[in-house]
Amino acid sequence: VALASVLVIFAASRVWYHAHGVRFDVSPLNGFVQYIDPGLLRHDLWRSVFYLHSQPPLFNLFLGLVLQAFPDGYGAAFHCAYIAMGMVLAVSLLTLMRILRVPRWLSLALTVCFVAGPTCVLYENWLFYAYPVAVMLTVAALWLYLFVRTGRIVIGLLLFSTLAAVALTWSFFHLAWFALVVAALAALLPDRRRSVVAAAAIPFALVFLVYAKNLIIIGDFCVSSWSGMNIARMTTARLLEEEPTCVAQMVADGKLSRVALVVPFSPLDNYKGLLDPSVSAGGIPVLAQESKGIAGATPPSSVNFNNVAYPSIARIYMRDTVALMRIRPGSTDGHGAGREPYSSGRRASTILS
């Protein structure tokens with residue numbers, strides 16, 4: 001009865017939100033930097049996903065498969081997929097709370113409040129990977145309970161396959177996180193250590209292979225080549241905004257590279273003359289594009305941060321961040337502006353020129 005009630009209320013809430021103007025937002029497909037050019041997803045999917053280094057590959061693979069299967073009605077297809085995820089989330093939440101012996105009436109009320117709430121509904125209507133990851137983590141919690149209770153390798157394989165899917169969807173869930181989960185279960189379940197290792201072996205190997213593939217292609221053991229740029233946004237870029245003279249002086253003194261004078265995640269034109277010209281895309285469109293849309297499916301709308309030049313740019317930013325931490329540690333904690341000024345005997349305009 002509780003399960004049926006949740007599903008009925010879930011369906012009724014979606015009809016109510018739709019009647020009040022909530023629509024599925026498919027616009028990120030053409031604009032978000034995390035996504036491969038839709039033209040390449042349609043016409044060069046497998047090669048583009050293989051050479052994707054800026055993001056884990058799974059969500060872009062999902063986007064491409066839907067675009068290819070429903071070339072004209074992809075918006076409705078994405079919406080149906082997210083509705084199905086919402087139903088799985090609702091059932092999983094209710095089941096988890098019953099497993100944890102939350103009273104039936106309270107578990108039903110909490111599940112309904114969550115899945116019918118505006119936050120959940122808005123994420124469900126947004127083409128981004130946050131909602132699928134939330135669903136997978138909730139389902140993984142169910143597999144975890146069943147695996148601990150039964151010890152069956154098949155359930156363990158479902159658990160670690162779900163965690164592998166999470167790790168291959170969002171780079172925040174690093175390979176080290178996956179390994180930590182495996183190690184924790186092996187330590188907490190000593191009598192089932194072999195089952196844990198056996199169930200985790202193939203999913204872990206799949207995630208490891210994606211990291212290894214990027215090591216071969218771009219020289220970094222990662223699933224996202226943006227780490228250096230992301231860190232620079234919080235360090236050198238912040239200092240550049242607040243004290244440009246200081247950063248310019250460090251560059252002039254050879255303490256930082258000239259890349260430090262460029263805001264991270266800038267178009268490639270901003271880095272001209274600062275990069276190794278020998279880096280080649282090898283004729284791979286997803287590595288050669290500077291702006292999305294060159295393949296012809298969409299007008300150029302955003303920078304292609306999967307371009308082959310950005311991994312080396314990110315490494316330069318990372319080296320600058322390490323150097324900045326040594327020169328001026330206070331500037332890397334988010335509150336360093338105005339403290340420990342680096343010597344700036346010349347005007348910023350003179351240094352920058």
With distance as the sole criterion, is a donor-acceptor pair present between the side chains of [X] and [Y] under 3.5 Å?
X: Y51; Y: R47; answer: no
X: N60; Y: Q55; answer: no
X: E124; Y: Y82; answer: no

With ILVMFWY side chains joined below 4.5 Å, transitively, what does [X]'s cluster contain besides itself?
X: L157; value: none
X: M318; value: I231
X: L180; value: none

Taking the side chain as every heavy atom from C-beta outward, state whether [X] and [Y] have any pair of such atoms under 4.5 Å apart.
X: V247; Y: L324; result: no
X: L93; Y: T138; result: yes
X: Y35; Y: S302; result: no
X: N306; Y: I36; result: no

Quiz item: Hey, which of F70, Y74, F24 is the one that makes ring-ring contact (aromatic ring centres under 6.0 Å, His included) with H79?
Solution: F24
Quiz item: For the ring-ring contact (aromatic ring centres under 6.0 Å, His included) test, which of F62, W170, F32 pairs with F128?
Solution: F32
Practice problem: For residues 247-275, pull every pair meeting ring-ring contact (aromatic ring centres under 6.0 Å, His included), keeping only residues two or more places apart or in separate chains. | Solution: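 Matches after skipping sequence neighbours: W226-F265, F265-F305.
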Exercise. Hey, could you give me each pair passing ring-ring contact (aromatic ring centres under 6.0 Å, His included) that has a residue in residues 92-124? Not counting sequence neighbours.
Key: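 Found Y123-W126.
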Practice problem: Only pairs at least two apart or in different chains count here, so list each side-chain hydrogen bond (donor to acceptor under 3.5 Å, both in side chains) that has a residue in residues 201-224. | Solution: D220-R315
Quiz item: Would you say the side-chain atoms of D253 pair up with the backbone N or O of K255, donor to acceptor, closer than 3.5 Å?
Solution: no
Self-check item: Expected output: side-chain Y17 to main-chain A116 donor-acceptor under 3.5 Å
Solution: yes
